[in-house]
A.B. asks: 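There's a structure below that I have some questions on.
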Amino acid sequence: MQLSPPPGFARHLGRSLPRYTSYPTALAFEQSDESRARRWAGSLQGEPLSVYVHVPFCQSLCWYCGCHTSVPNGYSRIAAYVDDLEREVELWADALGGHGGAAFVHFGGGSPNALDPGDFVRLAARLRAAFGFRGGAEIAVELDPRRLDEPFLAGLAEAGVTRASLGVQTFDPLVQARINRVQPLDQVARAVALLRGHGVKGVNFDLMYGLPGQDPASVGESARFAAALRPDRVSVFGYAHVPWFKKHQKMIRQEDLAGPAGRWAQAEAADAALVMEGYRRVGIDHYALAGDTLIKAARAGALRRNFQGYTTDSAPILVPLGASAIGRFPGGYIQNARAVNTWAKAVRAGALAIERGLTLTTEDRLRARVIERLMCDLKADVGGICEAEGFAADRLDEAVAIAALLQADALCRVEHRRIVIPEGARRLARVVAAAFDTAIPAGEQRHAKAV
């Protein structure tokens, strides 16, 4: 464990950079409507689907949250939203061409367990009927462990959920109080036991560093507590403090947050604890137990990265459902209207609620592939990727030269257009990937810190 960052790393820790869950990032999206989405959707010929369902509701608001969510006044808003989701499912089912069925379905939020069990089961059944789940499809759901009860757990089982991701963040009670998310260790342990008892085989934890009041000891202890419950996967994210964008984050004072070096030390403490407990590193911020499909994909060079982070999901199509949801087609990206009322009005009028999007160029795809390999494999044969995509091997030499400058700080090694990020620099892979991003530094200050 290296609590102090190496001197060459220190100058990069505070940079604001995309998380590269897509390229180009959502900041590059332009105003759009449903016409482009319908054209892309109608041209499918047997491709498997991934489906994302956004539930923008929570029972209470956590001060650190950067998600698109709100606290409803009673259940009527949520019930109406579910009705509109079902309408949107049918709109997409009609718009899609001859696809190959859904291989991955992900319920995110917000908190999907803000839904009543009956509504969740009904929605899952509508998705299954509309899109046709493939054999072995992964059905994943993000859950608030404070809001799990037996009826909802029974609903997960009935819906065929195979993976649950619990928002743990920290087990430190003092930090929990400062972020308005109090959930004792025994409450999370009970949630894990109940999930597995109801047949949910995969359990993920989300942990965070950089929260108010955290230090390396606190973060390391939370990681050890998490490991003791043996989730299959653990992600460790850095808190992004953007109170000008997420107003509720004003409840967190800047002076209570660690600086770049302190954040590095906290991330190192989590890493050391998880590795000591038998977890293996995946990409820059994920960990998994040996034998997990994420580990197998990483070893095979088949690890992917999407809006949910690292994944084994290789489906070329992502269908977006719900307000603010982002979709992907071979032709580019689309995003639904962020405002629930705007989204609902479009759906009720029989329109796909597309508000923004981006058509990908061939060079966008080329750069996206290099960035994804750097983020997933910590290496990339840039010349080979260029040739595989139909370009000359030297097409990205200017970007390779920018990456080569980072060798002086030990962030990477570059030889014959091959880039390798050393294990010790993995947490700064986004800095290397940014060499291939033509939008940097234009939108730089609107992204999360490098560490």
Side-chain angles (χ1 to χ4, degrees), residues 1-23 25 207-210 214 216 219-220 223 234-241 257-275 279-287 298 303 305 309-310 367-368 370-382 396 399-415 418-441 443-451:
M1 179 168 61
Q2 188 169 348
L3 291 182
S4 296
F9 291 8
R11 72 190 68 186
H12 300 284
L13 301 182
R15 288 185 61 184
S16 297
L17 295 167
R19 296 189 186 275
Y20 292 120
T21 53
S22 72
Y23 181 80
T25 70
L207 297 179
M208 294 186 75
Y209 64 87
Q214 283 184 315
V219 174
V234 180
S235 60
V236 184
F237 299 125
Y239 166 59
H241 190 56
L257 303 176
R263 287 168 64 92
W264 171 274
Q266 292 176 27
E268 280 285 290
D271 176 87
L274 291 169
V275 171
Y279 285 85
R280 302 189 180 185
R281 300 180 181 104
V282 178
I284 66 171
D285 53 17
H286 281 43
Y287 301 80
L303 188 66
R305 188 160 172 82
Y310 290 106
R367 291 175 180 271
V370 172
I371 288 171
E372 185 175 43
R373 290 341 309 153
L374 287 170
M375 295 293 294
C376 291
D377 304 333
L378 304 183
K379 60 183 179 181
D381 178 357
V382 179
L396 295 179
V400 173
I402 295 172
L405 297 175
L406 299 171
Q407 292 181 109
D409 292 331
L411 266 64
C412 64
R413 298 190 303 272
V414 180
E415 184 177 355
R418 290 180 171 85
I419 301 176
V420 177
I421 299 171
E423 183 64 28
R426 58 192 287 274
R427 199 168 293 119
L428 289 168
R430 290 191 291 145
V431 177
V432 182
F436 295 87
D437 186 344
T438 59
I440 297 295
E444 194 172 5
Q445 296 307 310
R446 296 181 61 187
H447 296 292
K449 298 299 182 185
V451 172

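Everything numeric in this text was worked out from a predicted model, so none of it was measured.
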A.B. asks: Only counting residues at least two apart or in another chain, list the ones meeting side-chain hydrogen bond (donor to acceptor under 3.5 Å, both in side chains) with Asp271.
C.D. replies: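 Here the qualifying residues are Arg281, Tyr287.
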A.B. asks: Taking only residues two or more places apart in sequence or in another chain, which ones pass side chain to side chain contact (heavy atoms under 4.5 Å, CB included) with Pro216?
C.D. replies: Leu3, Ala265, Gln266, Ala269
A.B. asks: Shortest non-hydrogen contact from Leu274 to Ala223?
C.D. replies: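 Scanning both residues, the minimum pair turns out to be CD2-O, 3.9 Å.
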A.B. asks: State which residues pass side-chain hydrogen bond (donor to acceptor under 3.5 Å, both in side chains) with Arg367; sequence neighbours excluded, sorted by chain then number.
C.D. replies: Glu363
A.B. asks: State the OG-CZ distance between Ser16 and Arg430, to the nearest 0.5 angstrom.
C.D. replies: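 Between Ser16 OG and Arg430 CZ, I get 8.5 Å after rounding to 0.5 Å.
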A.B. asks: Only counting residues at least two apart or in another chain, list the ones meeting side-chain hydrogen bond (donor to acceptor under 3.5 Å, both in side chains) with Ser22.
C.D. replies: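 Here no residue qualifies.
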A.B. asks: Please report the shortest heavy-atom distance between Asp437 and Pro18, naming the atom on each side.
C.D. replies: OD2-CG, 3.9 Å
A.B. asks: Can you name the ring-ring contact (aromatic ring centres under 6.0 Å, His included) partners of Tyr20, sequence neighbours left out?
C.D. replies: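 So Tyr20 forms no ring-ring contact (aromatic ring centres under 6.0 Å, His included) with any residue.
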A.B. asks: Restricting to ring-ring contact (aromatic ring centres under 6.0 Å, His included), what partner residues turn up for Phe436, sequence neighbours left out?
C.D. replies: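 Phe436: no ring-ring contact (aromatic ring centres under 6.0 Å, His included) contacts found.
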A.B. asks: Considering non-hydrogen atoms only, spot the tightest contact between Ala404 and Val414 and give its length.
C.D. replies: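 Minimum heavy-atom separation between Ala404 and Val414: CA-CG2, 3.8 Å.
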A.B. asks: Check whether any side-chain heavy atom of Phe9 sits under 4.5 Å from a side-chain heavy atom of Ser4, and report yes or no.
C.D. replies: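 With C-beta onward as the side chain, the pair stays apart.
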A.B. asks: With sequence neighbours excluded, what pairs up with Asp377 under the side chain to side chain contact (heavy atoms under 4.5 Å, CB included) test?
C.D. replies: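 Listed in chain order: Arg373, Lys379.
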A.B. asks: Among all residues two or more places apart in sequence or in another chain, which pass the ring-ring contact (aromatic ring centres under 6.0 Å, His included) test with Tyr279?
C.D. replies: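 If we apply the ring-ring contact (aromatic ring centres under 6.0 Å, His included) test to Tyr279, skipping adjacent residues, there are no hits.
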A.B. asks: Could you tell me which non-hydrogen atom of Ala433 sits nearest to which non-hydrogen atom of Leu374, and how far apart they are?
C.D. replies: CA-CD1, 4.0 Å
A.B. asks: If we ignore hydrogens and angles and just use 3.5 Å, is the side chain of Gln214 paired with the main-chain N or O of Gly210 as donor and acceptor?
C.D. replies: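 Yes; at least one donor-acceptor contact below 3.5 Å.
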A.B. asks: Looking at every heavy atom in both Cys412 and Ile419, which two are closest together, and how far apart are they?
C.D. replies: CB-CG2, 4.1 Å
A.B. asks: Who are the side-chain hydrogen bond (donor to acceptor under 3.5 Å, both in side chains) partners of Tyr239, not counting sequence neighbours?
C.D. replies: His241, Gln249
A.B. asks: To the nearest 0.5 Å, what is the distance between OH on Tyr209 and CZ on Arg263?
C.D. replies: 5.5 Å
A.B. asks: Got a sec, which residues hit side chain to side chain contact (heavy atoms under 4.5 Å, CB included) with Ile402, two or more places apart in sequence or on another chain?
C.D. replies: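 If we apply the side chain to side chain contact (heavy atoms under 4.5 Å, CB included) test to Ile402, skipping adjacent residues, the hits are Ala435.
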A.B. asks: Just by distance, do the side chain of Arg305 and the backbone of Arg19 share a donor-acceptor pair under 3.5 Å?
C.D. replies: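 Flag set: sc Arg305 to bb Arg19 pair under 3.5 Å.
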A.B. asks: Can Glu423 and Arg426 be counted as an ion pair, charged N to O under 4.0 angstrom?
C.D. replies: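 Yes, charged N to carboxylate O under 4.0 Å.
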A.B. asks: Do Asp285 and Arg427 have side-chain heavy atoms sitting under 4.5 Å apart?
C.D. replies: no
A.B. asks: Applying side chain to side chain contact (heavy atoms under 4.5 Å, CB included), can you list everything that pairs with Ala429, at least two apart in sequence or on another chain?
C.D. replies: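 For Ala429 the side chain to side chain contact (heavy atoms under 4.5 Å, CB included) partners, ignoring immediate neighbours, are Ile284, Met375, Leu378, Ile421.
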A.B. asks: Tell me, do Leu428 and Leu406 make a side-chain contact under 4.5 Å, heavy atoms counted?
C.D. replies: no
A.B. asks: Show every salt bridge (charged side-chain N to carboxylate O under 4.0 Å, His left out) that has at least one partner inside residues 3-12, sequence neighbours left out.
C.D. replies: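 Qualifying pairs: Arg11-Asp409.
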